[in-house]
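See structure below.
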Amino acid sequence: RHLYTCTQNSLSLIISVFVYISTFYQAVLQALEDGLKKADADPSVKAVMICGENGKFSAGADIRGFSSPKTLGVALGPIVSLIESSEKPVVAAIEGVALGGGLEVALGCHYRVAHAKARMGLPEVTIGLLPGAEGTQRLPRLIGVPAALDMITTGKHIPATEALKLGLVDEIVEENTIEAAIRLANKVIGQPLGPRRLSLKPVPKLPNMEAFLQEAQVKVKRQARGFLAPELCFQAVQAATQRPFAEGVRRERELFQVLLSSGQAQALQYAFFAERAVHRWATPAQPTAASTFTVAGQGLGTMGQGIVTSLVKANIPVVALEQNLEYLNKGRKAVMVLLEREAKKMEGGAQKLDFHNPARLQFTVDFNLLHDVDLVIEAVFENMALKKEIFHKLSNICKPGALLCTNTSALDIDEIASATSRPQQVIGTHFFSPAHVMRLLEIIYGRHTSPSAIATAMQLAKDMKKVGVVVGNCFGFVGNRMMFPYVEQAVFLLEEGSRPEAVDQVLEDFGFKIGPFRMSDLAGLDVGWRSRKGQGLTGPSLPAGSSARQRRGQRYSPLPDLLCERGRFGQKTGKGWYQYERAGGRTATPDPWIHGFLSQYRDTHRIETRYIDQEEILERCLFSLINEGFAILAEGIASGPEHLDVIYLNGYGWPKHRGGPMFYASTVGLPRVLAKLQKYSEAHPDVPKLRPSAFLKKLVAVGNAPLKEWMSYLSRQSPKL
Ligand code: NAD
């Protein structure tokens, strides 16, 4: 597209490549090919320089092209070969970024000059693919197997300084990269090109290549959890160590096709666009205090500490409030540790953390200091009476325009708002733990929440670089509400014959970072116990004579309560569904005590122990979660399936290569999900969460509607979404 001739110096042709948007992809490839051929045929051309446009070498192909194999990197491979085989020296001038196909083009060049601020990488793995334009074969030849494997299997971007150390570029410059590349081109005219052609070079040897590769493969496999791309990236690089270049390229293409047809690349592409769609989601109203918040954090417990840290990181002035000096000092210390750690990570970057300045971060026990803030995020204990008391106080003290946010996991936003004189300015902001790391922010509007309050909370999420997803008010909102049936099924499976480690294994093999039992041990079993006691499902408020395994006419498992009664709260007490090396330990080991306890429990309740296979474990846990998702959509609690998926991908460790629960359901096929739920529901008629949602049934009845069309089958949408 950007081909032009330049006669300055002795260099008579410059080809400018800008492979930024794939709509132009074919055109750019064609331009490259034509330009190279023209340069080759023109005796006045002595060297070629390839650079990008607008200060960017190339960010590779557009992700949208990845579902169509014809427009893919594969088409770029022959062009990269063509560049390499040129009889005239070709120099890449890398400014901005050289990513994916862009870096592969640079690898085809005989020399690479980069600007000191440029970044390079082969990020294909992050979208479920591998560098398909011979990059897996050239990069190890240039920088060696360990560094190439690291870049290709993680997709990480490296700065130019590191690229120079690795030998990925020949030179870095602070000033004009193009001029430097032209200088270099002039210098190398006439020098032999053979040693500069990477395809002719052997892969640098390692003294222990076999052992190194074996170890690397184990590591890649362990981290990938069913995600194919890192492992196939590994195999492509391994091929470079075992085969001649041309055969390695053939292997790279084969592996590329496997990834393309696996469905994982489509899932990742879906995840990418779902997040973009959620980001673009907006109310017609304007935020009340865009980007100029002074925020007060109320409560410096686990969540408060992370929230305050995130706010400081986002450069938002914060007043951090605690109930008394003892809690304040504890909270302040913890926040300072987190901020010191964050500041270290940011060292060398443009932004500095200004947290020793009291105008930016102030700690106090004085409620009156909140009268000037724009927004308050309350993060006290999960207790309705306490939250209402705090909101009543906030409503009296804060200035009239201030937004009052509650960080609750499940409580009713309307009831909390009822304690204030400004329910239109009360909103739920559900952060995830650790709040300074996790990207998700569920934003929950109540019956009276104003559109401008929603817009302000969305703005806050953006300022904090979080993924804000707006949802309606119901018990557990979206994420936790879908999680309840999943965890419930996991516990029922234990009653029927399974073990915590067996259930966790199946879900971890599916791709979750941790299974439900490891997860509850990590979060603390006491959290759910307190909530169930509050709901009257267990503890002193449970009516006398209640059946052990039934509540309100439905199946109930007292197993988690029984563990809590024995002081088994999970990691914090060193015992939960697993045992740990000590209280606070993190290494979960299957506990024979639990096995004995479960069989005794089954005997007591006359439950016949049966073998439960992996398929049943997976389907009961996942399909009950998905079923709840359909109910949520039908109730108008969320705008669409993408929103549910974004919540699961960013807050609940759902494996990205499976696109999110609702996308996953669409790949399994809704008729199959429905049939399985029907089967399990018939076997367990006292479990309402297994009963297929009416919306799911409707989507199947209309012929397995594609995900994009699901919402058009609903007559009712929330007026605020
Ligand atoms: P925590 O126990 O770590 O902290 C509780 C905070 O409440 C402390 O700052 C404490 O001083 C304050 N508090 C307790 N009693 C008080 C009183 N009488 N007056 C004023 N302040 C009082 O709890 P946490 O885990 O940070 O949870 C806080 C909120 O965040 C809860 O609503 C919880 O449901 C929600 N949440 C927790 C998580 C999580 O993983 N921990 C995740 C999302 C949301």
Side-chain angles (χ1 to χ4, degrees), residues 296-311 318-335 338 363-367 370 376-394 397 404-413 415-416 419 426-444 461 466 468-469 471 473 475-484 487 514 516 518-535 569-572 584 647 650-653:
Q298 153 74 68
L300 283 177
T302 313
M303 294 309 288
Q305 292 161 16
I307 294 169
V308 167
T309 304
S310 287
L311 289 165
V318 189
V319 179
L321 179 76
E322 252 298 358
Q323 55 170 325
N324 60 37
L325 278 174
E326 188 198 333
Y327 276 93
L328 183 76
N329 288 334
K330 229 169 96 187
R332 182 197 341 238
K333 225 165 128 187
V335 168
L338 290 178
F363 290 91
T364 185
V365 288
D366 182 1
F367 231 97
L370 301 193
V376 180
I377 303 172
E378 161 278 316
V380 300
F381 233 52
E382 185 82 339
N383 175 294
M384 182 53 92
L386 176 61
K387 299 237 184 211
K388 281 170 87 170
E389 184 194 317
I390 301 275
F391 270 72
H392 182 66
K393 251 170 147 174
L394 290 171
I397 286 172
L404 308 181
C405 310
T406 171
N407 177 56
T408 165
S409 310
L411 297 178
D412 181 3
I413 305 297
E415 192 176 342
I416 296 174
V426 175
I427 194 161
T429 45
H430 183 200
F431 288 85
F432 288 73
S433 182
H436 61 293
V437 176
M438 298 292 285
R439 293 178 70 223
L440 179 64
L441 179 62
E442 262 187 332
I443 297 170
I444 308 107
K466 304 236 178 254
V469 187
V471 300
N473 183 25
F475 187 72
F477 318 128
V478 166
N480 284 347
R481 179 170 157 185
M482 287 168 75
M483 185 58 37
F484 296 140
V487 174
I514 47 174
R518 269 184 234 275
M519 185 179 68
S520 26
D521 274 1
L522 175 70
L525 270 70
D526 52 321
V527 179
W529 193 34
R530 204 177 308 125
S531 162
R532 289 190 298 278
K533 281 199 263 192
Q535 294 171 63
F569 290 173
Q571 287 189 3
K572 60 177 90 163
I647 287 175
N650 289 287
Y652 292 85

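One-based numbering, in listed order, for ligands and for the atoms of each. Just so you know, residue 1 is the first one in the sequence shown, and it goes up from there.
Counting only heavy atoms of the protein, atom 32 (O) of ligand 1 lies nearest to E382 OE1, 2.5 Å. Closest to atom 18 (N) of ligand 1 among all protein heavy atoms lies L386 CD1, 3.4 Å. Nearest protein heavy-atom neighbour of atom 40 (O) of ligand 1: S433 CB, 3.3 Å. If you check which protein heavy atom lies closest to atom 2 (O) of ligand 1, you get F381 CE1, 3.5 Å. For atom 9 (O) of ligand 1, the closest non-hydrogen atom of the protein is E322 OE2, 2.4 Å.
Heavy-atom proximity to atom 31 (C) of ligand 1, evaluated over T408, L522, V380, T429, is greatest for V380. Of the listed residues (F432, Y327, F431), the one carrying the non-hydrogen atom nearest atom 43 (C) of ligand 1 is F431. Considering E326, Q323, K387, M303 only, the shortest heavy-atom separation from atom 38 (C) of ligand 1 involves M303.
Distances below 4.0 Å separate heavy atoms of G299 from the following atoms of ligand 1: 9 (O). Residue-ligand proximity, S409 to ligand 1, at heavy-atom distances under 4.0 Å covers atoms 33 (C), 34 (O), 35 (C), 36 (N), 37 (C), 43 (C), 44 (C). Near L300, the atoms of ligand 1 lying under 4.0 angstrom from a non-hydrogen atom of the residue are 9 (O). If you number the atoms of ligand 1 from 1 as listed, the ones under 4.0 Å from a heavy atom of T302 come out as 3 (O), 25 (O), 26 (O). Close approach to H430 involves these atoms of ligand 1, each under 4.0 Å from a residue heavy atom: 43 (C), 44 (C). Shown in contact with N407 at under 4.0 Å from a heavy atom are these atoms of ligand 1, numbered in order with element: 29 (C), 30 (O), 31 (C), 32 (O), 35 (C), 36 (N), 44 (C).
Within the 4.0 Å heavy-atom criterion, neither part of L411 lies near ligand 1.
Relative orientation of the F569 and W529 rings is tilted, given thresholds of 30° and 60° on the angle between their planes.
Contact of the D526 side chain with the K572 side chain is registered, since non-hydrogen atoms from C-beta on lie closer than 4.5 Å. Put simply, the side chain of L404 does not reach to within 4.5 Å of the side chain of E378, judged on heavy atoms. For the pair H430/N407, a side-chain contact is recorded, criterion being any heavy-atom separation below 4.5 Å from C-beta on. Inter-residue side-chain proximity for L300 and F363 is flagged as met; some heavy-atom pair is nearer than 4.5 Å. Looking at heavy atoms from C-beta onward, M384 lies in side-chain contact with E415 at the 4.5 angstrom threshold. At a threshold of 4.5 Å between non-hydrogen side-chain atoms, the residues N480 and E442 do not count as touching.
Paired with I427 under the rule side-chain contact (heavy atoms from CB on, under 4.5 Å), one option of I416, I443, T406 passes, and it is I443.
By the definition of a contact as any protein heavy atom under 4.0 Å away, atom 23 (O) of ligand 1 is not in contact.
Geometrically, ligand 1 and G301 share a nitrogen or oxygen pair separated by less than 3.5 Å. Looking at Q298 next to ligand 1, no N or O pair under 3.5 Å apart turns up.
Across all their heavy atoms, M483 and M519 have their closest contact at SD-CE, 3.5 Å. The two residues V365 and L325 have their closest heavy-atom pair at CG1-N, 3.8 Å.
For K388 and F391, the positive end is not near the middle of the six-membered ring at less than 6.0 Å and at most 45° from its axis.
Ligand 1 has A379 within reach: a non-hydrogen atom of the residue lies less than 4.0 Å from it.
A side-chain donor-acceptor contact under 3.5 Å links Q535 and S531.
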